[in-house]
Every structure is written in C-alpha cells, then in structure tokens.
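For reference, the structure is listed below as structure tokens.
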Amino acid sequence: REGCKRGHSERARKRGDGAASGASGSDARARRAMVEIEEVAPAAPAQGPGAHAFQGTPKKRGNAAFRNGDYAGAVELYAAALEEEGNAPSHTTLCNRSASLFMLGRLEESLADAERAAKIKPGHLKAHYRRGLALQGLLRHAEAARAFEDA
C-alpha cells in the first residue's frame, strides 16, 4: 500500500498538480484553472464597485466572474451583455445568467431566463437543463422531469 502512495506522489509531482504536497485534487485543479483563466483573460484594474478584474466583453467578464464564484457580479455583467445585444438576446447569455441566478437562489428569475433561451433556440440542451434545475428547485418536479426529458 505504501508503494502505491509513493507512486501516486511521484506522478503528481511530475504533473505539478500539488497532490504530492498534500493538496487535494480539487485544489490542484482549481489552481490550474486559475492559470488558464489568467492566460485567456489578463487581469485589468477593477473599475468601481462590482467591477470584475478581467478584460473583455461583459459576457466574457461574466463568465470569469461565474468561474470565480462571484454570481452576483456575473448576473450584473450578463445583464449588461444582454443590454448590448438589444432586441436579439443570445440564448447562451440567457443560459449563463440563468445559471448565475440559480446559484444565488433566485429560482423564478433563473427559470424565466432558461425559458427565454429555450424559446430562442429550442434545440439548446443547456436551456432545457437549466429549466429543469430551476423547476426542481421550485419543487415543480413533474415539470422538471419534462424539461430534463427535453434536454
């Protein structure tokens, strides 16, 4: 058994994921993800309250905020993205805001965004999945099951 642990630690050290030093696998994955985020979206100074520290479009900044657990910030940024999109909102932006709202426990709003996304693009699986999650959270289980079947 000891040889197995040592072998795992050797492989982890070679990968550089921190498992050899006692860090959990999820901590190591989170650190790698942060490096990837920094490469994709370089840091920029935050501007004002609620501003996110990544450059790019509001949608990309919303994605970064969501990945970092800033769900309220993500909702604001996705709202700004939807405002920019005007009369032709993106189904993916709506789905992303739906996920953020869900994480904040704002289930009715999450459901509304997911339903709008599904109406815009009926074949978008995530829209139906997000509908199902919101409906399940609202204890509307039969409707949730139908939404999951649509996904």
Side-chain angles (χ1 to χ4, degrees), residues 11-141 143-151:
R11 285 190 303 276
R13 192 174 70 250
K14 287 179 185 175
R15 280 194 318 262
D17 67 3
S21 63
S24 74
S26 62
D27 290 342
R29 282 190 297 277
R31 280 194 300 278
R32 281 196 309 268
M34 287 304 296
V35 171
E36 291 171 10
I37 290 169
E38 290 170 11
E39 290 172 3
V40 173
Q47 300 172 359
H52 206 273
F54 292 103
Q55 294 177 349
T57 64
K59 184 175 178 179
K60 287 181 181 178
R61 290 176 23 230
N63 292 345
F66 185 88
R67 281 192 303 272
N68 289 320
D70 179 10
Y71 305 120
V75 168
E76 289 178 27
L77 289 162
Y78 291 136
L82 288 165
E83 194 171 303
E84 284 182 1
E85 293 168 3
N87 292 331
S90 163
H91 63 282
T92 57
T93 306
L94 286 164
C95 270
N96 291 350
R97 188 171 69 172
S98 174
S100 301
L101 290 163
F102 180 84
M103 296 302 288
L104 293 170
R106 294 165 56 182
L107 302 178
E108 291 287 347
E109 294 167 274
S110 175
L111 176 59
D113 275 357
E115 287 178 338
R116 276 182 68 195
K119 188 173 184 177
I120 291 168
K121 189 163 185 179
H124 188 62
L125 300 180
K126 278 190 181 178
H128 298 288
Y129 176 71
R130 302 243 186 268
R131 278 181 49 233
L133 289 177
L135 288 164
Q136 190 174 33
L138 292 167
L139 305 178
R140 294 163 55 183
H141 299 296
E143 293 173 83
R146 285 191 296 276
F148 288 130
E149 287 172 4
D150 291 342

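The residues of the chain are indexed from 1 along the displayed sequence. The structure presented is a predicted model; accordingly, all values stated were derived computationally and were not measured.
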- If you take all heavy atoms of Val75 and Ser100, which pair is closest and at what distance? CG2-CB, 3.5 Å
- Message: Atom NZ of residue position Lys126 - does it have more than 12 heavy atoms of other residues, nucleotides or ligands inside 6.0 Å?
- Response: no
- Task: For His128 and Gly123, indicate whether the former's side chain and the latter's backbone hold a donor-acceptor pair under 3.5 Å.
- Result: no
- Shortest non-hydrogen pair, Tyr129 vs Ala151, comes out as N-CB, 4.0 Å
- Test log, rule side-chain contact (heavy atoms from CB on, under 4.5 Å), inputs Arg131 and Asp150: CA-CA 10 Å; Arg131 278 181 49 233; Asp150 291 342; 3.7 Å; yes
- side-chain contact (heavy atoms from CB on, under 4.5 Å) between Leu104 and Glu109, intermediate numbers included: CA-CA 10 Å; Leu104 293 170; Glu109 294 167 274; over 6 Å; no
- Compare every heavy atom of Phe66 with every heavy atom of Met103, then report the nearest pair and how far apart it is. CG-CE1, 4.0 Å
- Show your working on side-chain contact (heavy atoms from CB on, under 4.5 Å) between Tyr78 and Leu94 and close with a plain yes or no. CA-CA 8 Å; Tyr78 291 136; Leu94 286 164; over 6 Å; no
- Item | Atom pair CG (Asn63) and CG (Asn68), whose distance is rounded to the nearest 0.5 Å | 11.0 Å
- Task: Answer whether the closest heavy-atom distance between the side chains of Leu101 and Glu108 falls below 4.5 Å.
- Result: no
- Closest approach of Ala65 and Gly73, non-hydrogen atoms and distance? CB-C, 4.3 Å
- Message: Restricting to non-hydrogen atoms, name the atom on Ala81 and the atom on Pro58 that form the minimum distance, rounded to 0.1 Å.
- Response: N-CB, 3.8 Å
- Query: To the nearest 0.5 Å, how far apart are CG in Leu77 and NZ in Lys60?
  - Reply: 14.0 Å
- Task: Working to the nearest 0.5 Å, report the span between CG of Leu139 and CG of Leu107.
- Result: 9.0 Å
- Non-hydrogen atoms of Arg116 and Pro89 that approach each other most closely: NH2-CG, 3.3 Å
- Message: Once rounded to the nearest 0.5 Å, what's the spacing between atom CZ of Arg146 and atom CZ of Arg140?
- Response: 9.5 Å
- Query: What distance separates Glu84 CD from Thr57 OG1, expressed to the nearest 0.5 Å?
  - Reply: 7.5 Å
- Evaluation steps, side-chain contact (heavy atoms from CB on, under 4.5 Å), between Leu111 and Phe102: CA-CA 8 Å; Leu111 176 59; Phe102 180 84; over 6 Å; no
- Query: Judged by atom type as modelled, is there a donor-acceptor pair below 3.5 Å linking the side chain of Glu85 to the main-chain atoms of Ser90?
  - Reply: yes
- Measure from the side-chain N and O atoms of Arg130 to the backbone N and O of Ala114, and report whether any donor-acceptor pair falls under 3.5 Å. no
